[in-house]
Amino acid sequence: MSAPSASDAASSADALPVGALVCPEPDQRPDLWPWTATRDEDGALELGGCALPELADTYGTPLFVMDRADLRGRANVWATAMAEEFWDGYGMAGGDAFYAGKAFLCADVVRTVTECGMGVDTASLGELTLALRAGADPRMVGLHGNNKTEAELEVALRAENAAGERAGIARIFLDSPWEVGQVEAIAARLGVVVPVMVRVKTGIHAGGNDYIATSHEDQKFGVSVAGGEAIAVAEAVLASEHLELRGFHNHIGSQIIGTEAFEAAARIVMALRAELAERTGVCVPEIDLGGGVGIAYTGRDPEPTSPVVVARALASIVREESAAAGVPVPHVSVEPGRSVVGPTMVTLYRVGAIKDVTIDEDGRQRRYVSIDGGMSDNIRPALYGAHYTAPRANRRCDGPVMRCRVVGKHCESGDIVVHEVDLPADLRAGDLLVVPATGAYGRSMASNYNLLTRPGVLAVEGGRAQWALRPETLEDLYATDPALA
Ligand code: LLP
């Protein structure tokens with residue numbers, strides 16, 4: 001089955017009349033913008049009480065600006081929705097939300113989301129070490145990956161709590177039959193018992209793009225439910241002295257709108273849990289239903305589905321399926337990334353060269369607006385055909401507009417940040433453009449292509465600005481070149 005995605009809606013943008021693709025202002029589409037975004041009396045966009053033109057002058061561009069109050073709000077909504085919908089007072093067995101660190105991770109974000117009660121989901125040595133060093137409680141940290149290294153597993157198993165005792169992280173997600181032996185061997189060597197979950201593929205095909213759909217059969221993640229592999233791996237875990245089977249995990253994909261695909265996957269995972277209970281007498285205490293809740297990137301995208309709506313839909317399925325199978329309800333966790341951090345950040349760029357290009361024999365023109373970043377700070381348009389939008393940040397966008405394409409400064413014609421957007425006809429070099437909804441998979445997927453330095457992330461709150469991540473310098477880049485360092 002396929003689920004609708006937000007980016008489909010924007011794909012036919014080229015055909016629209018000029019004027020239809022003006023970026024909605026914060027008061028028109030609040031879901032597209034961080035919570036505190038507004039225009040000040042001079043017409044400049046403001047975030048966290050800081051005017052974006054002043055931030056650009058002080059801190060330079062390109063610049064990610066993160067609304068920390070907004071991040072706190074979104075983390076609170078997820079943590080509360082899961083705690084409330086799965087509250088044991090409602091006959092449930094508890095619920096948690098783990099922030100998917102791959103969306104964007106730095107110490108500031110770890111602290112902000114964990115203070116709100118979220119755990120942290122990691123997928124590499126870098127993410128895991130960062131989460132632990134930033135102070136995340138190991139009992140609220142998970143480790144994913146389809147090819148985990150010994151080093152990653154050792155850090156996970158040795159992780160210490162605040163008292164300096166070995167605690168180990170909350171759970172390791174086994175992604176293949178091979179990993180049962182791999183994790184068991186390390187656990188045996190360290191003399192510990194490791195809580196694990198088995199990641200399964202449910203056959204649900206969902207997500208904004210094939211590259212971000214993760215639960216259909218023909219892709220690398222998880223073990224198949226349909227082929228009986230999931231049960232076999234679970235039984236192998238149950239037979240192991242050093243592994244403790246906590247439950248099953250499924251992540252169907254990313255950038256999903258609505259609850260239908262999540263519900264279908266939840267039913268399959270619950271049926272699998274009941275099947276294992278029937279075969280072995282062991283009813284695993286937990287399930288994890290992954291991340292994937294979509295956000296809006298442009299004014300043409302549908303409004304995102306609220307975490308509360310998703311949590312409630314999952315809770316009713318979990319309750320129903322448990323009753324139908326006559327098994328106790330499980331503890332339920334989820335792993336949202338994009339919907340926590342995506343809308344909390346914008347990217348601020350300075351406009352440089354502007355060029356009108358004749359694009360067909362009828363003399364139709366397209367205005368190319370070049371900015372000072374590009375595919376190195378936002379690879380999503382090039383990688384997934386993702387759509388973004390951008391208004392002018394330093395002045396209002398009233399008056400006549402022109403259909404424009406916003407392009408980066410890299411040596412690639414596919415270096416496009418915004419495919420189509422209507423921008424003020426009087427846009428000039430030196431103006432500022434701001435792209436909303438760049439918090440997830442923006443800075444985290446940034447590269448040094450063309451030896452550009454990766455931009456910093458400035459956290460703003462209550463009129464104050466502070467680096468969450470400072471910008472890279474040329475010296476950072478050259479430090480790994482022995483002939484230059
Ligand atoms: N859990 C697991 C196991 C995942 O693999 C992912 C994302 C998440 C949770 C979080 O999903 P989210 O809530 O952020 O959708 N780079 C792509 C997205 C790749 C997602 C990878 N896994 C993009 O920019 O759209």
Side-chain angles (χ1 to χ4, degrees), residues 3 5-8 10 74-75 77-78 81-82 96-105 109 113 118-124 127-128 141-148 171-175 197-202 204 206-216 219-223 248-258 261-262 265 269 287-297 301 304-305 307 310-311 333-345 375 377-388 417 435 437-447:
S5 82
S7 52
D8 292 345
R74 288 172 202 279
V77 167
W78 264 116
M82 291 303 292
D96 284 311
F98 284 66
Y99 168 65
K102 64 203 81 186
F104 173 65
L105 210 59
V109 167
V113 302
M118 290 190 90
V120 184
D121 163 43
T122 67
S124 70
E127 289 180 5
L128 176 60
V141 173
L143 177 66
H144 270 287
N146 64 304
N147 194 16
K148 300 174 196 71
R171 62 268 182 92
I172 291 174
F173 297 92
L174 300 180
D175 200 84
M197 295 184 87
V198 176
R199 178 170 179 170
V200 304
K201 39 183 157 190
T202 48
I204 306 286
N209 180 289
D210 262 5
Y211 284 179
I212 58 178
T214 53
S215 201
H216 52 300
Q219 53 77 36
K220 68 177 179 171
F221 294 110
V223 292
F248 292 106
H249 168 281
N250 178 239
H251 168 76
I252 49 177
S254 209
Q255 186 54 11
I256 296 160
I257 302 296
F262 297 117
V269 173
I287 62 168
D288 185 299
L289 296 168
V293 172
I295 63 169
Y297 286 94
D301 288 330
T305 314
V310 175
S333 49
V334 290
E335 300 166 330
R338 189 189 316 262
S339 60
V340 180
V341 79
T344 70
M345 281 194 226
M375 65 195 298
D377 60 70
N378 189 354
I379 191 66
R380 299 191 70 260
L383 196 54
Y384 312 119
H387 288 273
Y388 285 84
V417 175
V435 178
T438 57
Y441 309 108
R443 179 60 179 76
S444 69
M445 292 177 82
S447 76

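Note that ligands are numbered from 1 as they come in the structure, with each ligand's atoms numbered from 1 the same way. All values below come from the heavy atoms of this structure, side chains included, with hydrogens, waters and symmetry mates left out.
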Minimum distance, heavy atoms only, to atom 2 (C) of ligand 1: which one of K102, Q255, H249 is it?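 Result: the heavy atom closest to atom 2 (C) of ligand 1 is in K102.
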Which of the atoms in ligand 1, numbered in the order shown and given with their element, are less than 4.0 Å from a heavy-atom of [X]?
| X | answer |
| --- | --- |
| R199 | 3 (C) |
| Y384 | 16 (N), 17 (C), 23 (C), 24 (O), 25 (O) |
| R380 | 23 (C), 24 (O), 25 (O) |
| A100 | 8 (C), 9 (C), 10 (C) |
| G337 | 12 (P), 13 (O), 14 (O) |
| P336 | 13 (O) |
| G292 | 11 (O), 12 (P), 13 (O), 15 (O) |
| H144 | 3 (C) |

Side chain or backbone of F221 under 4.0 Å from ligand 1, or both, or neither, by non-hydrogen atoms?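 Within the 4.0 Å criterion, F221 makes no contact with ligand 1.
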If you measure every N or O of R338 against every N or O of ligand 1, does any of those distances drop under 3.5 Å?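 Indeed, backbone or side chain, R338 has an N or O that close.
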Contact check: S339 vs ligand 1, nitrogen or oxygen atoms, below 3.5 angstrom: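 Looking only at distances, the answer is no, because the N/O contact criterion of under 3.5 Å is not met.
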Can you find a pair of side-chain heavy atoms, one from [X] and one from [Y], that are under 4.5 Å apart?
| X | Y | value |
| --- | --- | --- |
| F173 | H251 | no |
| V293 | W78 | yes |
| Y99 | L105 | yes |

Considering all heavy atoms, the nearest Q255-I295 contact: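 Result for this residue pair: NE2-O, 2.9 Å.
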Which pair of heavy atoms, one from I252 and one from A265, lies closest together, and at what distance?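 Scanning both residues completely, I find the closest heavy atoms to be CG2-CB, 3.5 Å.
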Is NZ or CZ of R380 both nearer than 6.0 Å to the six-membered ring centre of Y388 and within 45° of the ring axis?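 Verdict for Y388: no cation-pi partner in R380.
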Give a yes or no on whether the ring-centroid distance for H144 and H249 is below 6.0 angstrom.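 Yes, the ring centres sit under 6.0 Å apart.
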Hey, mind stepping through R338 and S254 against side-chain hydrogen bond (donor to acceptor under 3.5 Å, both in side chains) and telling me if it holds? CA-CA 8 Å; R338 189 189 316 262; S254 209; 2.7 Å; yes
